[in-house]
Amino acid sequence: MGMMRSTNESKLTGFILLGFSDYPQLQKVLFVVILILYLLTIFGNTTIILVSRLESKLHTPMYFFLSHLSFLDICFTSSVIPQLLVNLWNPMKNITYGGCVVQLYVSLALGSTECVLLAVMSYDRYIAVCRPLHYTVLMHPHLCMALASLAWLSGVVTTLVQSTLTLQLRFCGHRQVDHFICEVPVLIRLACVDTTFNEAELFVASIIFLIVPVSIILVSYGYIAQAVLRIKSASGRKKAFGTCSSHLMVVIIFYGTIIFMYLQPAKSRSKNQGKFVSLFYTVVTPMLNPLIYALRNKEVKWALKKVLEKIL
């Protein structure tokens, strides 16, 4: 009876997101830096979406998926950063139980969707480089829409399973979440009951949404590398590599931090290490994506210049 009452206490009063409370002198600096990065994320990804929509030459599968990625990044950061900014500025670091639940479901769904979407984008690059004559036939609009829908649907399914199982755990009145976001590994660590099943389920889900997509990406880029090396002209090799380098850079940054975070047992992870790794993939990576694609892609720079000329 006492355990049930203490479990319900978390639902009634919510949680306290400790975040970076161990670094009080750093919190105001983090507030300013994260606010700037968040505004850059919104601006950069919105620009990618608008340019991809307004410029007819960018109405291709690559930019169709890139628009989805940019929209994902806007939604993902918006599910995390506003609450983080409030907690960095406000000494009261509370989040309601409902707010924690919404953040858990939404952020996990969007993060899982991005894992699958990056694998889909690598397949698109494989077809573009290895099957260029059949590209428009193979990557037709219906297939692109189906692949994008698959990515979104997989994210919804995994969050319905993982988040629901995590919220079934008993927290026994434990309200202090030593993190800045409500996410599965952190809540598993907060539980006061045996979490072996939840950790096993989290590991299996991590294999499905991290190792499998990464394997698809590696195989795709293996074939791409072979195709590029067979190109005789240096300019041809440079052009082929240029179409893939931006995506490859995004993949390395995103998956590197996510795999480091999720493929470790929840209770063996350093708390401060986990916070800063999470901060990187929730704040920095979504801001870098539009910069990488815009600065390293002549088509985007040309289209952006053309759109600006029309507006001005």
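Quick note: numbers below take in every heavy atom, side chains included, and nothing from hydrogens, waters or symmetry partners.
Every side chain to side chain donor-acceptor pair (under 3.5 Å) that Thr158 has, sequence neighbours left out, goes to Gln162. For Tyr126, the ring-ring contact (aromatic ring centres under 6.0 Å, His included) criterion is met by Tyr223, not counting sequence neighbours. Residues forming a side-chain contact (heavy atoms from CB on, under 4.5 Å) with His140 (at least two apart in sequence, or on another chain): His142, Leu143. For Tyr123, there are no side chain to side chain donor-acceptor pair (under 3.5 Å) partners at least two apart in sequence or on another chain. Here Tyr105 pairs with nothing under the ring-ring contact (aromatic ring centres under 6.0 Å, His included) rule; sequence neighbours left out. With sequence neighbours left out, the side chain to side chain donor-acceptor pair (under 3.5 Å) criterion links Gln27 to Lys93. For Ser149, there are no side chain to side chain donor-acceptor pair (under 3.5 Å) partners two or more places apart in sequence or in a different chain. Listed by chain and residue number, Trp89 satisfy the ring-ring contact (aromatic ring centres under 6.0 Å, His included) test with Phe31 (two or more places apart in sequence, or in another chain).
Residues Leu187 and Phe171 approach most closely at O-CE2, 3.4 Å, considering heavy atoms. Residues Gly19 and Asp178 come closest through the heavy atom pair O-OD1, 4.4 Å. Of all heavy-atom pairs between Glu201 and Val161, the closest is OE2-CG1, 3.9 Å. For the pair Ser154 and Phe209, the tightest heavy-atom approach, listed with the atom from each and the gap, is O-CZ, 3.5 Å. Residue Ser67 comes nearest to Ile49 through the heavy atom pair O-CG1, 3.9 Å, listed as atom of the first residue, atom of the second, then distance. Summarising the geometry of Gly99 relative to Thr96, their closest heavy-atom pair is N-OG1, 2.9 Å, with the distance given to 0.1 Å.
No path of Ile, Leu, Val, Met, Phe, Trp and Tyr side chains, each step under 4.5 Å between heavy atoms, connects Ile252 with Ile216, placing them in separate hydrophobic clusters. Hydrophobic cluster membership is shared by Leu37 and Ile81, with clusters built from Ile, Leu, Val, Met, Phe, Trp and Tyr side chains linked at under 4.5 angstrom. Residues Phe203 and Leu165 do not share a hydrophobic cluster, clusters being chains of Ile/Leu/Val/Met/Phe/Trp/Tyr side chains in contact below 4.5 Å. Cluster membership check: Leu210 does not share its hydrophobic cluster with Leu153, using side-chain heavy-atom separations under 4.5 Å among Ile, Leu, Val, Met, Phe, Trp and Tyr. Leu150 and Val214 fall into different hydrophobic clusters, where Ile, Leu, Val, Met, Phe, Trp and Tyr side chains are chained together by heavy-atom contacts under 4.5 Å.
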Compile the donor-acceptor pairs under 3.5 Å between side chains in residues 111-120 and protein atoms, sequence neighbours left out, one pair per line.
{"from": "Ser112", "atom 1": "OG", "to": "Leu108", "atom 2": "O", "distance (Å)": "2.8"}
{"from": "Thr113", "atom 1": "OG1", "to": "Ala109", "atom 2": "O", "distance (Å)": "2.7"}
{"from": "Thr113", "atom 1": "OG1", "to": "Ala151", "atom 2": "O", "distance (Å)": "3.4"}

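In this structure, Leu147 and Phe65 have side chains that are in contact, with non-hydrogen atoms separated by less than 4.5 Å. No side-chain heavy atom of Met121 sits less than 4.5 Å from a side-chain heavy atom of Val251. With contacts defined as side-chain heavy-atom distances shorter than 4.5 Å, the pair Val283/Tyr38 does not qualify. Contact annotation: the side chain of Leu72 approaches that of Trp152 to within less than 4.5 Å [non-hydrogen atoms, C-beta and beyond]. At least one side-chain heavy atom of Leu190 sits under 4.5 Å from a side-chain heavy atom of Val177. Between Tyr135 and Ile127 the shortest side-chain heavy-atom distance falls below 4.5 Å.
Among Leu167, Val186, Ile181, the single residue meeting the side-chain contact (heavy atoms from CB on, under 4.5 Å) criterion with Leu104 is Leu167. When each of Ser163, Ser107, Ser278 is paired with Glu183, the side chain to side chain donor-acceptor pair (under 3.5 Å) condition holds for Ser278 and for no other. Screening Leu30, Val80, Val284 for a side-chain contact (heavy atoms from CB on, under 4.5 Å) involving Leu279 leaves a single residue, Leu30.
In this structure, Phe64 has its ring center under 6.0 Å from that of His68.
A donor-acceptor pair is defined here as one N or O able to donate and one able to accept, closer than 3.5 Å; no such pair exists between the side chain of Thr195 and the backbone of Asn198. Formation of a donor-acceptor pair under 3.5 Å by the His59 side chain with backbone atoms of Arg53 is found in this model.
In this structure, CG on Leu202 lies 10.5 Å from CD1 on Ile207, to the nearest 0.5 angstrom.
If you chain together ILVMFWY residues whose side-chain heavy atoms come under 4.5 Å of each other, Leu18 ends up grouped with Ile16. Alongside Phe43, the hydrophobic cluster contains no other residue (criterion: ILVMFWY side chains under 4.5 Å).
Using bins of under 30°, 30° to 60° and over 60° for the plane-to-plane angle, the ring pair Tyr281/Phe76 lands in the parallel bin.
Pairs of residues two or more places apart, or lying in two chains, that qualify as side chain to side chain donor-acceptor pair (under 3.5 Å) and include a residue from residues 40-51 are Asn45-Ser70.
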